[in-house]
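Counting starts at 1 for both ligands and their atoms, following the listed order. Note that this is a predicted model, so its numbers are computed, not measured.
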Amino acid sequence: MAKFIIEGGKRLIGEALISGAKNSVLPILAATVINGNTSTIFNSPNLRDVDTMEDILRSIGCKVNRVDNMVYVDSKPLNKIRIPEELVREMRSSIIFLGAMLARCGEVEISYPGGCEIGPRPIDLHLKSLRKLGAHIDESHGFLYCKAENLKGCEIQLDYPSVGATENIMMVAVKAKGTTIIRNAAREPEIVDLQNYLNSSGARICGAGTSVIMVDGVDNFQSVEHTIIPDRIVAGTCMVASAITGGEIVLKNIEVEHIQSIIAKLREAGCMVYNNCTSLKIIGPRRPNAVESIQTLPYPGFPTDMQAQMMALLSIANGTSIISETIFQNRFKHVEELLRMGANIKTVEKVAVIKGVTELTGAKVSAKDLRGGASLILAGLVAKGTTEVNNIFHIDRGYDQLEKVLQSLGADIKRI
Ligand code: EPZ
C-alpha cells in the first residue's frame with residue numbers, strides 16, 4: 001500500500017496554484033445527465049472520487065473523456081437507470097445521482113449509500129424533500145427504487161441546511177412543473193457553482209448562496225461549458241502548511257471570499273495574511289498562538305472539512321485550544337494518530353481540548369479518513385524526524401497530488 005514519508009522541519013516557501021473544488025465537480029458531474037447533451041467541465045481536479053464519478057457515468061451509458069483538467073461528458077446516450085452498487089459503496093456522495101437521474105429519466109435505482117469513516121450519513125432530508133416534489137421512493141434490501149412520473153414544484157423547508165439535500169432538490173426541481181422554493185438551504189459556494197452550471201444549461205435558478213433558493217422548472221436544456229470554482233479546503237490545507245512550518249507561501253487561483261472563516265482563525269493563531277480577491281500570501285508565526293474556540297458550522301461558519309487540519313496546527317500552539325465538531329459524529333479519528341506524534345489532546349464526545357506542546361515527533365501513523373489524513377501530513381511537516389503516513393488512498397480521494405504541491409514549496413515528502 002502506498003504511503004508518504006516526511007522529514008519534518010522544513011519551512012515552506014513559494015507559490016502554489018490551487019486546484020478545482022472536489023465538492024463542486026462531484027455534484028456537477030452528476031448534473032451532466034440532466035441536459036441529455038454535452039458538458040465541458042474545466043478546472044476539474046484529478047482525484048479518485050472524480051474517477052469514480054466518471055465510472056458511474058460510463059456505467060449508465062454516457063460518453064466521458066478527460067484530458068488533464070478538462071472533463072467532457074455526453075449524456076445523450078444514457079440508457080440505464082441502475083447505479084452500480086459497488087461504485088456507490090466506493091463513494092457515498094454518489095447519492096447526488098438521485099436528483100439528477102429523476103430529473104433526466106424520471107426513475108433511478110441506487111443502493112443506500114450507508115455511512116463512511118466520519119460517521120453515519122443519513123439521507124432522510126433528501127428523501128423527504130424528493131417525495132414532496134412527487135417522487136415515489138421504495139426502500140428495500142438496501143436499495144432505493146425511485147420513480148417520478150410528474151414532478152411538481154413546491155415549497156420545502158429543510159430541517160437542516162444539508163449540502164447534499166440542497167443539491168438533490170435543486171436538480172429535481174429544474175425539471176418539476178412550476179416553481180420550487182427551498183428554505184434553510186445550504187449556502188456553500190459549491191451550491192452557487194452548481195446553480196451556475198445548471199443555469200448555463202438552461203435552468204432557471206436564483207438565490208444559491210443564500211438560505212432561500214428559487215427554481216422554475218423548464219423543459220429544454222442545451223450543451224454547456226463550465227469552469228469549476230477553486231477548492232477552498234485545499235486552499236485552507238495549504239495555508240495551514242505555511243502556518244505550521246512558520247513558512248511564507250502565496251496561493252494563486254483562489255476565491256478569498258470563500259475562505260474568510262479560515263483566514264480569521266489563522267490570524268487568531270498568529271499568521272499574517274495579505275490578500276486580493278484571487279490570491280493570498282500567508283506568513284506563519286515562529287510558534288502559533290492557541291485559539292480559544294473553533295466550532296465547525298455550515299457555511300459561512302468554520303468548515304468541518306478544515307477541523308482536522310486546524311487541530312494539527314493547534315497541537316503545537318502556545319496554550320490550550322478548544323475545537324467542537326458540530327457537523328459529523330465521528331470526525332476525531334486523527335486524534336489518536338496525533339497523540340502518537342506527541343500531541344496532548346483530550347476529546348469528550350464532539351469536543352476536543354488541545355494543549356499545545358513545544359514539539360511533535362515523527363512516527364508511523366495511519367490516515368483514517370480524507371481530512372484526518374491531511375492533518376497527519378501537516379503534523380509530519382513540523383514533527384522532529386521521520387513521519388510515515390499510511391492508507392493514503394483516503395487522501396487521494398480529495399487532494400490532487402498534495403505531495404507535489406508541498407514538495408514545490410520545499411517540503412521533504414515522498415510517496416512510496
Ligand atoms: C458535503 O457532504 C461535503 N461532501 C462534505 O465534504 C462536507 O463535510 C459536508 O457537505 C458539510 O459541509 C460533498 O460535497 C461531496 P450534509 P454532505 O448533507 O452533503 C446530516 C469532504 O471531506 N444530514 O451537509 O453529506 C449529516 O449526517 C466531505 O470533502 C442528515 O441528518 O453533508 C451531517 O451530520 C466530507 N440527514 C450533516 O447533516 C440528511 O438527509 C451535514 O451533512 C442529510 C444530512
Q. What protein heavy atom is closest to atom 11 (C) of ligand 1, reported as residue, atom name and distance in Å?
A. Thr304 CG2, 4.0 Å

**Q.** Audit row: Asp55, Thr52, side chain to side chain donor-acceptor pair (under 3.5 Å) steps and yes/no
**A.** CA-CA 5 Å; Asp55 292 344; Thr52 306; 5.3 Å; no

Q: Just let me know how Arg331 lines up against ligand 1, side chain, backbone, both or neither, with a heavy-atom cut-off below 4.0 Å.
A: side chain

Q.
Below 3.5 Å, N or O to N or O, backbone or side chain included: is there any such pair between Leu370 and ligand 1?
A. no

Q.
Could you identify the single nearest non-hydrogen protein atom to atom 8 (O) of ligand 1 and state the distance to 0.1 Å?
A. Asp305 OD1, 2.6 Å

Q. Where does Arg92 meet ligand 1, judged by heavy-atom distances below 4.0 Å: at the side chain, the backbone, both, or neither?
A. side chain

(Q) Quick check: Asp124 and ligand 1, any N/O pair under 3.5 Å apart? (A) yes

Q: Around atom 33 (C) of ligand 1, find the nearest protein heavy atom and jot down its residue, atom name and distance.
A: Ile327 O, 3.5 Å

Q. Any idea which atoms of ligand 1 are less than 4.0 Å away from a heavy-atom of Ile123?
A. 39 (C), 40 (O)

(Q) For ligand 1 and Leu26, I'd like to know whether there is a polar contact (N/O to N/O, distance under 3.5 Å). (A) no

Q.
Would Arg82 pass as a cation-pi partner of Phe143, given that its NZ or CZ must be under 6.0 Å from the six-membered ring centre and within 45 degrees of the axis?
A. yes

(Q) Can you report which non-hydrogen protein atom sits closest to atom 2 (O) of ligand 1, along with the distance? (A) Arg121 NH2, 3.5 Å

Q) Any idea which part of Val163 is under 4.0 Å from ligand 1, heavy-atom wise: side chain, backbone, both or neither? A) both

Q: May I ask you to identify the nearest protein heavy atom to atom 40 (O) of ligand 1, giving residue, atom name and distance to one decimal place in Å?
A: Leu125 N, 2.8 Å

Q.
List the residues meeting side-chain hydrogen bond (donor to acceptor under 3.5 Å, both in side chains) with Ser261, not counting sequence neighbours, and say none if there are none.
A. none

Q.
Check this for me - ligand 1, Asn23, N or O atoms closer than 3.5 angstrom, yes or no?
A. yes

(Q) Test your reading of the model: is there a side-chain donor-acceptor pair from Glu337 to the backbone of Ser366, 3.5 Å cut-off? (A) yes

Q) Between Ser24, Pro122, Ala21, which one has a non-hydrogen atom sitting closest to atom 27 (O) of ligand 1? A) Pro122

Q | Neighbour count above 12 (heavy atom, 6.0 Å) for Lys152 NZ | A | no

Q: Please could you name the atoms of ligand 1 that Gly164 approaches to less than 4.0 Å, counting only its heavy atoms?
A: 18 (O), 19 (O)

Q. With the threshold set at 4.0 Å, does a side-chain nitrogen-carboxylate oxygen contact exist between Glu155 and Lys132?
A. no

Q. Do the charged groups of Glu85 and Arg89 touch, with an N to O distance under 4.0 Å?
A. yes

Q. Is there a donor-acceptor pair closer than 3.5 Å between any side-chain N or O of Asn184 and the backbone N or O of Leu158?
A. yes

Q) Just which atoms of ligand 1 are under 4.0 Å from any heavy atom in Ile118? A) 35 (C)

Q | atom 29 (O) of ligand 1: the protein heavy-atom neighbour that sits closest, reported with distance to 0.1 Å | A | Arg371 NH2, 2.8 Å

Q) Is any N or O atom of Ser162, backbone or side chain, closer than 3.5 Å to an N or O atom of ligand 1? A) yes

Q) Is it true that a side-chain atom of Arg48 and a backbone atom of Phe393 form a donor plus acceptor pair closer than 3.5 Å? A) yes

(Q) Can you tell whether the side chains of Lys333 and Asp369 come within less than 4.0 Å, N to carboxylate O? (A) no

Q: Take Phe328 and Thr304 through the test side chain to side chain contact (heavy atoms under 4.5 Å, CB included) and record every step on the way to the result.
A: CA-CA 8 Å; Phe328 288 108; Thr304 173; 3.8 Å; yes

(Q) Quick one: does any side-chain atom of Lys80 pair with a main-chain N or O of Ile60 as donor and acceptor, under 3.5 Å? (A) no

Q) So, for atom 20 (C) of ligand 1, does the protein have a heavy atom nearer than 4.0 Å? A) no

Q | Taking atom 37 (C) of ligand 1 as the reference point, the nearest protein heavy atom with its distance | A | Tyr160 CE2, 3.7 Å

Q. So, is Ser93 polar-close to ligand 1, with some N/O to N/O distance under 3.5 Å?
A. no

Q | Mode of Lys22 contact toward ligand 1 - side chain, backbone, both, neither (heavy atoms, under 4.0 Å) | A | side chain

**Q.** Sub-3.5 Å N/O-N/O distance, Phe328 and ligand 1
**A.** no

Q) Is a side-chain N or O of Glu325 found less than 3.5 angstrom from the main chain of Ile327, in a donor-acceptor match? A) yes

Q. Does ligand 1 have any atom sitting under 4.0 Å from a heavy atom of Ile96?
A. no

Q. With Glu255, which residues qualify under salt bridge (Lys or Arg N to Asp or Glu O under 4.0 Å), at least two apart?
A. none

